[in-house]
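Beneath this line is the structure, given in structure tokens, with notes to follow.
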Amino acid sequence: MVLSGCGGSGDDVTEPVNPEPEVTYPDFTDVVALGGETTTYDAAASGHGFSTPAPNLTAAELELHLAGDLGFETAFTTAPNLEHPDLDGLGPVFNNADCNSCHQRDGRNSTPLIPVGETRVKLGSDAGIFLRISLAADEPCIEGTPSNNYCAPIPVPDFGGQLFHRGVLQARPDWQQNHFGGQADVYLSYETHQVTYPDGHTVTLKKPLFEVENPYDAPGETKQSANVTSNLLQDDVLMGWRNGMPVFGLGLLEAIPEADILALVDEDDSNQDGISGRANYVFDAVKAQDGDPNPVSLGRFGWKANTPSVRVQSLGALRGDIGITNPLFPDESIVGTSLHDSYLTRTGFVDTGSDENGAPEADAAFSDSVVFYAETLAVPARRNVQDADVREGARLFSEINCSGCHQPKFVTKSQGQIGGGEMIAGLKGQTIYPFTDMLLHDMGEGLADNRPDFLADGQEWRTRPLWGIGLTQTVNPQAGFLHDGRAATIEEAILWHGGEAQNSTDKFMELTAAERQQLIAFVMSL
């Protein structure tokens with residue numbers, strides 16, 4: 001616009017143009033070292049991006065880490081193994097024979113695929129997914145006490161708290177018809193639906209469905225059978241499906257000060273952003289073994305924050321998923337059930353979960369090394385940090401409040417204990433960016449398994465750390481996302497977010513197609 005000067009000089013004056021506002025990016029935009037000094041920079045492009053030891057370990061610590069690596073990949077066999085007695089003890093029922101099968105290359109397991117021409121697939125030796133089981137309670141458990149078993153899930157009579165779909169030879173009474181059958185057969189199928197963006201673009205989402213058949217206590221029976229007799233198939237049995245998750249960076253998450261996690265709890269949603277967050281308090285087997293009169297700790301690990309430490313998580317899986325007893329969990333997972341008792345009678349030898357000297361099948365040295373391994377895997381560095389789309393995606397990630405649950409930054413403790421033991425020196429005082437608040441959030445009906453776990457209800461899940469997520473399918477191209485692997489892409493995972501995350505999901509859907517790709521590019525850079 002041109003104006004004449006008031007003094008009649010005839011000079012032209014150009015109206016000033018407002019400058020574009022300066023874009024402000026979140027503090028985490030340029031961060032590369034997500035794991036502080038435990039970050040690795042040279043494995044990102046390989047299939048072993050999650051399998052590198054933390055670079056700040058001492059020589060002695062590295063030796064212990066490598067011993068744990070060997071144990072993590074050890075495939076156990078049925079007892080007795082006279083040639084390799086250190087490998088025996090598998091089962092008698094289990095989900096996999098080694099840790100790596102559920103955490104492939106220390107990442108996520110492969111999502112089961114339905115064979116062409118079939119409508120479902122039976123879970124077998126290649127499945128890293130399994131079902132948690134429990135009985136429905138009469139009312140929600142509000143506070144854990146000895147009288148209510150600290151709000152622990154109620155075991156299914158004669159089955160326990162986890163469904164084992166595999167077994168050693170002769171595990172079942174009908175073993176001649178089910179040679180390697182576990183407690184029951186589990187079949188997986190999928191149902192799909194479409195989500196449509198305002199711009200007309202559609203995405204197909206799939207949800208896994210599980211059918212449990214042929215339980216050992218009523219062979220051949222299904223939920224549709226007349227007069228169902230199996231304890232497993234009763235209407236009050238709850239089932240929640242679980243996928244193996246990455247195991248790197250766990251020691252750092254364990255070293256986050258409890259007070260810093262609890263400071264993020266906002267059960268009343270004081271800032272009115274729709275996000276609250278709750279802590280889960282769970283039974284702590286380490287405290288119980290040490291004689292603590294109140295063996296309860298903050299839940300940090302597991303999909304519902306249902307385990308308190310790397311030790312409990314690792315050794316619980318060793319005993320549970322594989323059937324290998326250890327110093328923290330010295331009894332077989334199905335001890336006291338009729339399946340266990342009949343197996344001992346049928347096989348003619350006593351496999352009580354102990355070796356020939358009466359000790360657990362995994363000794364203290366093996367157990368300690370596997371725990372140390374899980375605590376000291378390096379966190380992969382970010383990639384493409386200076387890419388313009390990645391930077392803009394970081395801004396959008398913050399703008400639509402994904403960071404409301406995926407809390408970017410913590411600083412680990414500088415001293416003290418974690419998981420019942422002295423802190424590893426290399427984990428102390430580290431500035432880390434895991435992108436999780438470690439809390440429970442209601443994620444809506446779409447993701448609900450409707451199965452409580454300690455204080456977590458059937459719609460609540462712990463915020464999953466995002467560090468390393470962009471390498472998930474580099475490490476394992478067949479891996480999926482979310483607690484059951486249903487999402488094949490980051491976009492699908494975002495679209496499943498409901499409940500407390502619904503506002504952010506709605507805002508994501510309102511972005512342009514280019515902006516959505518920028519946000520995904522940021523997440524993939526982590």
Side-chain angles (χ1 to χ4, degrees), residues 111 129 131-132 134 136-137 140-141 153 189-198 201-210 238-243 245 264-280 299 302-306 396-397 399-407 435-466 469 480-511 516 519-520 523:
T111 299
I129 194 168
L131 274 69
R132 297 280 190 199
S134 56
C141 195
S189 60
Y190 293 103
E191 67 176 18
T192 62
H193 72 276
Q194 282 194 331
V195 173
T196 303
Y197 289 99
H201 179 68
T202 62
V203 176
T204 300
L205 302 182
K206 69 178 187 297
K207 178 180 180 178
L209 304 175
F210 291 89
L238 307 175
M239 298 186 181
W241 35 100
R242 300 288 183 270
N243 234 11
M245 60 177 69
L264 300 173
V265 173
D266 184 18
E267 294 197 46
D268 297 327
D269 189 16
S270 59
N271 63 359
Q272 299 297 301
D273 66 350
I275 297 172
S276 54
R278 295 199 307 132
N280 200 358
W303 288 106
K304 286 182 177 283
N306 64 332
L396 293 168
F397 183 89
E399 182 178 280
I400 70 174
N401 203 26
C402 299
S403 54
C405 294
H406 291 284
Q407 171 76 16
F435 289 87
T436 173
D437 59 8
M438 304 288 283
L439 297 175
L440 297 171
H441 294 276
D442 182 338
M443 296 301 293
E445 294 183 3
L447 288 176
D449 68 353
N450 299 312
R451 178 182 176 273
D453 206 333
F454 292 98
L455 301 184
D457 68 30
Q459 291 192 178
E460 288 179 315
W461 303 94
R462 185 198 68 153
T463 304
R464 178 79 190 98
L466 295 182
I469 196 167
F481 302 97
L482 300 176
H483 65 280
D484 49 19
R486 68 176 68 185
T489 65
I490 296 297
E491 180 182 25
E492 290 180 24
I494 293 171
L495 294 175
W496 273 110
H497 282 50
E500 294 178 42
Q502 189 63 58
N503 287 340
S504 293
T505 302
D506 291 343
K507 291 177 181 177
F508 174 78
M509 294 187 66
E510 292 167 1
L511 298 175
R516 295 196 297 267
L519 191 149
I520 292 170
V523 174

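The basis for the numbers below is simple: all heavy atoms, side chains too, and nothing from hydrogens, waters or symmetry mates. Heads up: numbering here begins at 1 and tracks the sequence.
- Checked against salt bridge (Lys or Arg N to Asp or Glu O under 4.0 Å), Asp484 has the following partners two or more places apart in sequence or in another chain: Arg486.
- Partners of Thr505 according to the side-chain hydrogen bond (donor to acceptor under 3.5 Å, both in side chains) rule, which considers only residues two or more places apart in sequence or in another chain, do not exist here.
- Remark: Asn401 pairs with Asp273, Ile275, Ser403, Ser504 by the side chain to side chain contact (heavy atoms under 4.5 Å, CB included) rule, at least two apart or across chains.
- Using a 4.5 Å cut-off on side-chain heavy atoms (C-beta onward), Leu264 and Met438 make no contact.
- Qualifying side chain to side chain contact (heavy atoms under 4.5 Å, CB included) partners for Met443, counting only residues two or more places apart in sequence or in other chains: His441, Leu447, Trp461, His497, Ala501.
- Shown here are the salt bridge (Lys or Arg N to Asp or Glu O under 4.0 Å) partners of Glu445, two or more places apart in sequence or in another chain: there are none.
- The closest donor-acceptor contact from the side chain of Thr463 to the backbone of Thr436 lies at 3.5 Å or more, if one exists at all.
- To the nearest 0.5 Å, the span separating CG on Leu511 from OH on Tyr197 amounts to 9.0 Å.
- Checked by atom type and distance alone, the side chain of Thr111 pairs as donor or acceptor with a backbone atom of Gly480 at under 3.5 Å.
- The shortest side-chain heavy-atom distance between Pro208 and Tyr190 falls under the 4.5 Å cut-off.
- Under a 3.5 Å cut-off, the side chain of Glu500 and the backbone N or O of Ser276 do form a donor-acceptor pair.
- In this structure Asp453 satisfies the salt bridge (Lys or Arg N to Asp or Glu O under 4.0 Å) test together with Arg451, sequence neighbours excluded.
- Not counting sequence neighbours, the partners of Asp506 by the side-chain hydrogen bond (donor to acceptor under 3.5 Å, both in side chains) test are Gln502.
- A heavy-atom distance below 4.5 Å is found between the side chains of Thr204 and Gln194.
- Contacts of Ser270 classified as side-chain hydrogen bond (donor to acceptor under 3.5 Å, both in side chains), with partners at least two apart in sequence or in another chain: Asp266.
- Scanning for side chain to side chain contact (heavy atoms under 4.5 Å, CB included) contacts around Ala456 gives Asn280, Lys304, Leu440, Glu460, with sequence neighbours left out.
- When side chains are defined from C-beta on, Ile129 counts as touching Phe210, because their heavy atoms get closer than 4.5 Å.
- Contacts of Gln407 classified as side-chain hydrogen bond (donor to acceptor under 3.5 Å, both in side chains), with partners at least two apart in sequence or in another chain: none.
- Note: Ile490 CD1 to Leu519 CG = 10.0 Å, rounded to the nearest 0.5 Å.
- Take Ala487 and apply the side chain to side chain contact (heavy atoms under 4.5 Å, CB included) test, not counting sequence neighbours, and it matches Phe481, Leu482, Glu492, Ala493.
- Atom CZ in Arg464 sits 5.5 Å away from atom CH2 in Trp303 (nearest 0.5 Å).
- Residues that satisfy the salt bridge (Lys or Arg N to Asp or Glu O under 4.0 Å) test with Arg132, not counting sequence neighbours, are absent from this structure.
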